[in-house]
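Computed from a predicted structure; not experimentally measured. Chain letters run A, B, ... following the sequence lines, proteins first and then strands; every chain starts at 1.
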Number of protein chains: 2
Amino acid sequence: MAKIPESTIRRLSLYLRFLEAFDGEGARTVSSQALAERGGTTSAQVRKDLSLFGSFGKRGLGYSVPDLAVKLREILGIGVPRRVVVIGVGKIGMALVQYAGLAARGFTLERAYDVDPQVVGRRVASIVVRHADELERDLRRDPVDVAIIATPPGAAQETANRVGPSVRGILNFAPVTISAPEGVAVRHVNVELELEALGYALRTG
Amino acid sequence: MAKIPESTIRRLSLYLRFLEAFDGEGARTVSSQALAERGGTTSAQVRKDLSLFGSFGKRGLGYSVPDLAVKLREILGIGVPRRVVVIGVGKIGMALVQYAGLAARGFTLERAYDVDPQVVGRRVASIVVRHADELERDLRRDPVDVAIIATPPGAAQETANRVGPSVRGILNFAPVTISAPEGVAVRHVNVELELEALGYALRTG
DNA sequence: GGATGTGAATGTCTTCACAGCT
DNA sequence: AGCTGTGAAGACATTCACATCC
């Protein structure tokens with residue numbers, strides 16, 4: 001299969017959400033044009049994105065809403081449940097632990113960790129926060145797919161080093177760039193960076 | 001000035017953070033090579049990014065750490081204080097309101113809004129949550145630069161429609177794509193989308 | 001000597017435009 | 001007729017490589 005642009009993957013995720021909305025509205029089929037309008041892109045882009053993975057549409061008709069949704073879920077690996085841990089139960093970590101969207105997208109939260117004695121041992125949304133010292137041992141005994149890092153910036157890379165050998169993906173919320181071993185996928189959610197990019201767009205002149 | 005790639009802006013934001021770290025370590029100058037290593041990019045990329053805005057370095061020497069930091073802050077519009085409101089004080093909104101990083105990057109939180117009677121009137125980190133019905137009137141009387149949308153997905157576009165005429169930028173945390181009037185910059189922080197992109201990277205085969 | 005700044009070359013992504021199914 | 005699927009063209013971004021200057 002051809003190499004898939006990162007941007008295509010992000011759009012597929014959007015298309016899936018639109019399909020779910022169309023499905024809720026009772027639509028049976030959808031055209032590349034209709035998907036494009038909701039997603040702020042072009043019909044050619046939609047067709048190209050989808051064609052990278054196969055021929056899912058019918059000429060003259062469009063795409064079957066439920067069939068395409070199934071295909072996209074398959075491509076994105078939704079349905080295969082992913083086990084995750086959250087490390088750092090501060091403000092962001094807390095919000096993540098309580099966030100229903102995790103489960104809705106097939107990510108089951110197994111455990112959460114912190115180092116603050118005020119937080120360790122507390123029960124948050126059905127799980128008890130464990131001390132980060134237990135991290136490596138726990139991961140060896142009971143591995144997970146993804147580590148979500150929501151520590152302060154200073155601890156993020158060290159945390160990544162500790163979980164790197166045991167996980168296949170890292171989602172980093174700390175406002176620093178972190179690296180991970182070859183083969184571990186890393187994604188960043190960086191609010192400060194988005195704010196600064198917004199700041200650039202707001203500059204006068 | 002030449003057109004600036006979006007990706008360049010995001011990297012400038014990273015470079016600035018590295019410069020602040022270098023400054024903390026007492027470094028006076030820094031090479032494109034050193035910046036590249038921390039940022040997971042190449043020295044040529046760093047030089048190209050910076051050269052789009054001017055010639056800030058000295059051949060044979062590198063870049064002055066404090067001078068380049070000043071330049072980057074200027075480019076990114078940091079220093080010009082930006083007034084923001086947060087709309088939706090659920091889990092994410094609450095974390096944002098309490099988030100010190102906002103102020104640290106020059107964004108002063110003016111007000112927060114919600115529709116839930118349980119939340120309206122509550123005091124969170126020195127501001128009192130107002131009812132979203134007051135939004136338009138407040139914005140007319142006391143405008144802000146940026147609206148941060150942290151509502152449930154169903155309310156996000158409507159919220160954008162309501163604030164669109166009064167703000168210059170929107171940062172959207174709701175997991176839907178929203179559109180805004182011409183001239184209003186929109187950025188998305190979409191955790192579900194990042195998770196799904198991670199899911200794709202985790203697929204087996 | 002050492003590191004920048006930058007045209008040129010390369011690589012990647014998007015858009016075009018149309019043949020080909022239904 | 002309508003809409004997909006796709007090679008080719010075009011736009012955009014990154015990397016190379018080297019002249020230039022401190």
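Within residues 20-45 of chain B, the residues having any heavy atom under 4.0 Å from DNA chain C are, by residue number, Ser31(B), Ser32(B).
A sub-4.0 Å separation between OP1 or OP2 of dA19(C) and a side-chain N or O of Arg59(A) is absent. The phosphate of dT14(C) has OP1 or OP2 within less than 4.0 Å of a side-chain N or O from Ser7(A). For Tyr63(B), a side-chain nitrogen or oxygen approaches OP1 or OP2 of dG5(C) to under 4.0 Å.
With a 6.0 Å cutoff to the six-membered ring centre and a 45° limit on the axis angle, Arg105(A) does not count as a cation-pi contact of Phe107(A). The side-chain tip of Arg38(B) points at the ring of Phe22(B) from less than 6.0 angstrom away and within 45° of straight on.
Of the candidates dA13(D), dC13(C), dG5(C), the closest approach to any side-chain atom of Lys3(A) belongs to dC13(C). Of the candidates dG5(D), dC22(D), dT6(C), dG5(D) carries the atom nearest the Ser55(A) side chain, counting heavy atoms from C-beta on. Listed nucleotides dA13(D), dT4(C), dT4(D) differ in distance to Arg47(B); the shortest reach to its side chain belongs to dT4(C).
Mapping Pro5(A) and Lys58(A) onto DNA chain C via the closest heavy atom, the residue that lands nearer the 5' end is Pro5(A). Take the nearest nucleotide of DNA chain C for Leu61(A) and for Leu61(B): the residue whose nucleotide is more 5' is Leu61(B).
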Under 3.5 Å, which N/O atoms of the protein pair with N/O atoms of nucleotides 7-9 of chain D?
| from | atom 1 | to | atom 2 | distance (Å) |
| --- | --- | --- | --- | --- |
| dG7(D) | O6 | Lys48(A) | NZ | 3.4 |

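Residue Val144(A) comes nearest to Arg83(A) through the heavy atom pair CB-O, 3.4 Å, listed as atom of the first residue, atom of the second, then distance. Of all the heavy atoms in Asp133(B) and Arg162(B), the pair that sits closest is CA-NH2, 4.1 Å. Minimum heavy-atom separation, Ala180(B) to Ile170(B): CB-CD1, 4.1 Å.
Salt bridge annotation for Arg130(A)-Glu110(A): absent, with no cationic side-chain nitrogen under 4.0 angstrom from a carboxylate oxygen. Residues Glu196(A) and Arg187(B) are not paired through a salt bridge, judged by the lack of any N-O separation under 4.0 Å between the basic side chain and the carboxylate. The pair Asp23(B)-Arg28(B) fails the salt-bridge criterion, with no side-chain N (NZ, NE, NH1 or NH2) lying under 4.0 Å from an Asp/Glu carboxylate O.
Distance, Phe56(A) CZ to dT6(D) P: 11 Å, rounded to whole Å. In this structure, the CG atom of Asp67(A) is 15 Å from the P atom of dT4(D), given to the nearest Å. For Asp49(B) and dG5(C), the CG to P distance is 12 Å, given to the nearest whole Å. The CG atom of Leu52(B) sits 13 Å away from the C1' atom of dG7(C) (whole-angstrom rounding). In this structure, Arg10(B) atom CZ and dC12(D) atom P are separated by 19 Å, rounded to whole Å.
The NZ atom of Lys71(A) sits 5.0 Å away from atom CD of Glu74(A), with the distance rounded to the nearest 0.5 Å.
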